[in-house]
Amino acid sequence: MANHQHPRAIDHGLSGCRACGLLVRTGAARVGRCPRCHTTVRPRIRNSLQWTWALLIAGAILYVPANVLPIMTIRYFGAGQPDTIMSGVVFLLTHGMWPLALIVFVASVLVPLLKLFTLTYLLLSVHWRSRTRASQRTWIYRVTEFVGRWSMVDVFVVAILSALVQLGGLVTIDPGPGAVAFAGVVVLTMFAAGKFDPRLIWDHVEGARAGE
C-alpha cells in the first residue's frame with residue numbers, strides 16, 4: 001500500500017526551477033517554463049548521471065598533470081626554476097609562511113581531490129540505489145557545490161602575478177602548463193556538480209516508501 005506521509009512535488013506535476021527556486025507546474029509533458037525567470041523547468045536534469053560521469057572523469061584525468069606539471073616559473077635576472085603546486089607549498093613552509101601554505105594546499109590540492117571523491121561517492125550511491133543517509137548525502141552535495149569554486153584562487157593568483165610582475169630583466173613570472181590543467185580540473189568539477197541532480201538521491205528513498 002502506498003505511503004502518503006511524504007508526498008513529492010513530482011507526483012503532483014510540480015517541479016522546482018533550478019535558477020530561482022520557484023515551484024512550477026509542468027503538467028503531463030513534464031516540461032514547463034518558469035513564469036519568474038523564464039527558465040525551462042524539468043522534474044530532473046536530462047542525462048544527469050551521464051553528464052556528471054563524463055565531466056568527472058575528464059576532471060580526474062587532468063588532476064594528474066595539474067599537480068605534476070609546473071604551474072608557474074619565477075625568473076630572477078633571467079634564471080628561474082619551474083614550480084608545481086606542491087613545490088610552492090613547500091617553499092612557503094620553508095620560509096615560515098605556513099598560513100598561506102595551508103590555504104594553497106587546501107584550496108589547490110585537497111579541495112579538488114575531495115570534490116572528485118565526493119562526487120564519485122554520490123554517483124555510485126545513486127547507481128546502487130542507496131536508500132540510507134539521504135539527508136547527509138544531500139548536505140555533502142551542497143557543501144561540495146559551494147566550496148568547489150574556491151579552488152580557482154590558485155589560478156587567479158597565477159594570472160594576476162603573471163600580469164603584474166613583469167619587470168624586464170629583473171623579475172618575471174610566467175604561467176606554466178600545470179595552471180591550464182588545474183583550471184580545467186576546477187571548471188570541469190564545477191560543471192559536474194552543476195549537472196548532478198541531488199533529487200536523484202531521494203528518488204529511490206521515496207520510491208521504497210511508496211512501495212511499503
Side-chain angles (χ1 to χ4, degrees), residues 2-60 62 106-107 111-112 114-156 159-160 182-212:
N3 187 338
H4 299 289
Q5 293 181 352
H6 303 277
R8 300 186 301 169
I10 191 174
D11 298 328
H12 297 279
L14 299 170
S15 299
C17 175
R18 285 180 60 85
C20 68
L22 183 68
L23 200 60
V24 179
R25 185 171 295 280
T26 54
R30 293 201 166 188
V31 178
R33 187 165 293 276
C34 177
R36 178 189 290 166
C37 65
H38 308 292
T39 302
T40 300
V41 178
R42 291 183 173 88
R44 300 292 181 267
I45 298 176
R46 296 171 66 180
N47 302 319
S48 171
L49 298 181
Q50 293 89 332
W51 272 108
T52 308
W53 272 120
L55 292 166
L56 188 65
I57 291 171
L62 285 178
V106 171
V111 169
L114 288 177
K115 193 169 185 179
L116 291 171
F117 277 114
T118 52
L119 285 174
T120 301
Y121 162 70
L122 293 173
L123 284 165
L124 291 176
S125 72
V126 172
H127 276 291
W128 292 335
R129 300 176 179 269
S130 175
R131 302 173 183 174
T132 60
R133 300 180 178 178
S135 296
Q136 290 87 337
R137 282 185 283 147
T138 304
W139 180 82
I140 289 173
Y141 168 75
R142 298 299 182 196
V143 173
T144 302
E145 184 185 34
F146 175 76
V147 302
R149 69 197 72 175
W150 294 103
S151 297
M152 286 296 286
V153 65
D154 219 20
V155 179
F156 291 148
I160 292 171
F182 182 78
V185 174
V186 177
V187 171
L188 287 170
T189 52
M190 285 174 62
F191 282 140
K195 278 295 184 180
F196 180 78
D197 196 334
R199 294 171 293 188
L200 296 172
I201 296 173
W202 293 93
D203 282 347
H204 302 306
V205 177
E206 299 298 339
R209 289 172 177 170
E212 291 177 354

With a 3.5 Å distance limit and no angle check, can you tell me whether [X] reaches the backbone of [Y] through a side-chain donor-acceptor pair?
| X | Y | result |
| --- | --- | --- |
| Thr40 | Arg33 | no |
| Arg137 | Trp202 | no |
| Thr52 | Phe196 | yes |

Hey, which of Thr118, Leu123, Leu124 is the one that makes side chain to side chain contact (heavy atoms under 4.5 Å, CB included) with Thr120?
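Of the listed residues Thr118, Leu123, Leu124, the side chain to side chain contact (heavy atoms under 4.5 Å, CB included) partner of Thr120 is Leu124.
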Could you pull out the closest heavy-atom pair between [X] and [Y], with the gap in Å?
| X | Y | answer |
| --- | --- | --- |
| Leu56 | Ala192 | N-CB, 4.1 Å |
| Leu119 | Thr189 | CD1-O, 4.0 Å |
| Cys34 | Val24 | CA-CG2, 4.0 Å |
| Leu200 | Ser48 | CD1-OG, 3.9 Å |
| Lys195 | Ile45 | O-CD1, 3.6 Å |
| Pro112 | Val185 | CB-CG1, 4.3 Å |

Determine whether more than 12 heavy atoms belonging to other residues, nucleotides or ligands lie under 6.0 Å from atom CH2 of Trp51.
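Atom CH2 in Trp51 is not crowded, with 12 or fewer foreign heavy atoms closer than 6.0 Å.
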So Leu22 and Pro35, do their side chains get closer than 4.5 Å, heavy atoms only?
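Side-chain contact under 4.5 Å: yes.
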Distance from [X] atom [atom1] to [Y] atom [atom2], nearest 0.5 Å?
| X | Y | atom1 | atom2 | answer |
| --- | --- | --- | --- | --- |
| Asp197 | Asn47 | CG | CG | 12.0 Å |
| Ile140 | Leu114 | CD1 | CG | 11.0 Å |
| Tyr141 | Thr144 | OH | OG1 | 9.0 Å |

